[in-house]
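What you are looking at is a predicted structure, and each value in this text was computed from that prediction instead of being measured. In what follows, chains are A, B, ... by sequence order, proteins preceding strands, each numbered from 1.
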There are 2 protein chains.
Amino acid sequence: MARATPATHDELLTAAARRFTVTGYKGTSLQDIAREVGCSKATVLYHFASKDALLCELMAPAIAMLEELDARLAGRTGADAQRVAAEGFVDLAVGFRREIALLRGEFPDLLQQPAFAHIQQISERLVAAFAGFSDRPAARVAALVVLAGIAETCGEFLDIPDEELRPALLAVAHRALEPTT
Amino acid sequence: MARATPATHDELLTAAARRFTVTGYKGTSLQDIAREVGCSKATVLYHFASKDALLCELMAPAIAMLEELDARLAGRTGADAQRVAAEGFVDLAVGFRREIALLRGEFPDLLQQPAFAHIQQISERLVAAFAGFSDRPAARVAALVVLAGIAETCGEFLDIPDEELRPALLAVAHRALEPTT
DNA sequence: TCAGGTGCTGACCGATCGGTCAGGCATGCT
DNA sequence: AGCATGCCTGACCGATCGGTCAGCACCTGA
């Protein structure tokens, strides 16, 4: 197989992201990614140690931002935590629409990987913050609906600009979340 | 491989549902399903023509209810459509938590199958109804957040009773959806 | 007693998966 | 010229996928 231009690291990364968002992580083969950039499967594995490593590198910026949000949440309570969590997560979801979208559905499975082990705990803390740290079922249900809804929705609006998506998501989050007592 | 009791059709169906919700459709092999009920992979394919056929039969009741909701929506507009859509979809999501949950993430891919071709159109009409048939981006964003959020949330609350989950979801839906103008 | 159907099985199939490996082919330094 | 290095490749590997098939054990009605 002939290559016109050298397949760069980043070129493969964005191609993989594109495929993952369409057919999911498990549903995308290294062959698919290679075909997208016009190189061989072996080339993909030359640039990345494994398929998992590719995913990790793809998710790294989003995960870093998630960890930063988690740190910012520490110590906050009630309405304050709720507001910071909502704004932070909307920013994250809007900024990393593709990355968030590709995790949907495969979340529970991918979280088994040691590289993503702590994400589960972070997202649980995030849900708790969305609920204003209330343990009432209704508050927790509302929190999860908003969190999951935002994550899912971002992937569907890949075409509209950030400055339009962001306030729309924030508005629905503020309406939907239960006011803290 | 020895079997104590005969593997019934339904036993396989529920086992498959359980696995699908944990590891997804693509992520679950016929071997996994067979292991869960303690029979051979060939037995699974004796009861079901194919893996796809198994999925179709699993989803049939939920799809029937979705089609019924779609029919009930015909002709309705504005707040009326919004209310009927919300109540109908919450009922559907609560009643078929597992089935809804297993479709998440693999939705775009599974919809390619001819058996599910019309589901895409139905869900688009459902989103439109949630938005009160407004074409304002904010209304459509809110609609999708609520729809996707409810679908995703149900799969996470498999343990709490219907009569507790239902009003909680309806409440957050009513708060979150934009009032029709 | 025996023929026929039902439920189920292990063995097997081709395809595809993620991953390995030796080597080809440029390019640039010595 | 000779050599090393970086990028890339086809061929190949074992594992696993969904699916097929001949045949076994069992039950039942004739």
Who pairs with B/T28 by side-chain hydrogen bond (donor to acceptor under 3.5 Å, both in side chains), at least two apart in sequence or on another chain?
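B/T28 satisfies side-chain hydrogen bond (donor to acceptor under 3.5 Å, both in side chains) with B/T23 only.
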
Sequence neighbours left out, what passes side-chain hydrogen bond (donor to acceptor under 3.5 Å, both in side chains) with B/R35? Give chain and number order.
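Expected list: B/D32.
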
same_hphob_cluster(A/V127, A/V145) at 4.5 Å side-chain heavy-atom cutoff:
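Same hydrophobic cluster.
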
Show me the donor-acceptor pairs within less than 3.5 Å that the side chains of residues 163-170 of chain A make with the rest of the protein, sequence neighbours left out.
{"from": "A/R166", "atom 1": "NH1", "to": "A/D91", "atom 2": "OD1", "distance (Å)": "2.2"}
{"from": "A/R166", "atom 1": "NH1", "to": "A/D91", "atom 2": "OD2", "distance (Å)": "3.2"}

N/O contacts under 3.5 Å, protein versus nucleotides 16-19 of chain D?
{"from": "D/dC17", "atom 1": "OP1", "to": "B/S29", "atom 2": "OG", "distance (Å)": "3.3"}
{"from": "D/dG18", "atom 1": "OP1", "to": "B/T28", "atom 2": "O", "distance (Å)": "3.4"}
{"from": "D/dG18", "atom 1": "OP1", "to": "B/K51", "atom 2": "NZ", "distance (Å)": "2.7"}
{"from": "D/dG18", "atom 1": "OP2", "to": "B/L30", "atom 2": "N", "distance (Å)": "3.0"}
{"from": "D/dG18", "atom 1": "N7", "to": "B/K41", "atom 2": "NZ", "distance (Å)": "3.1"}
{"from": "D/dG18", "atom 1": "O6", "to": "B/K41", "atom 2": "NZ", "distance (Å)": "3.3"}
{"from": "D/dG19", "atom 1": "OP2", "to": "B/K51", "atom 2": "N", "distance (Å)": "2.7"}
{"from": "D/dG19", "atom 1": "N7", "to": "B/K41", "atom 2": "NZ", "distance (Å)": "3.4"}
{"from": "D/dG19", "atom 1": "O6", "to": "B/K41", "atom 2": "NZ", "distance (Å)": "2.6"}

Establish, with yes or no, whether the OP1 or OP2 oxygen of D/dC8 is under 4.0 angstrom from a side-chain nitrogen or oxygen of A/T43.
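Checking D/dC8 against A/T43, no side-chain N or O comes under 4.0 Å of OP1 or OP2.
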
OP1 or OP2 of C/dC8 less than 4.0 angstrom from a side-chain nitrogen or oxygen of B/H47, does that happen here?
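Checking B/H47 against C/dC8: at least one side-chain N or O falls below 4.0 Å of OP1 or OP2.
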
In whole Å, what is the span from the OH atom of B/Y46 to the C1' atom of C/dC8?
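So the two atoms are 8 Å apart, to the nearest Å.
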
Given atom NE2 of A/H9 and atom P of D/dG6, what is their separation to the nearest angstrom?
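Going from A/H9 (NE2) to D/dG6 (P), I get 16 Å.
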
With sequence neighbours excluded, what pairs up with B/A62 under the side-chain contact (heavy atoms from CB on, under 4.5 Å) test?
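Expected list: B/F96, B/E99.
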
Which atom pairs, one a donor and one an acceptor, fall under 3.5 Å between side chains of residues 71-78 of chain B and the rest of the protein, sequence neighbours left out?
{"from": "B/R76", "atom 1": "NE", "to": "B/R72", "atom 2": "O", "distance (Å)": "2.9"}
{"from": "B/R76", "atom 1": "NH1", "to": "B/D80", "atom 2": "OD1", "distance (Å)": "3.4"}
{"from": "B/R76", "atom 1": "NH1", "to": "B/D80", "atom 2": "OD2", "distance (Å)": "3.0"}

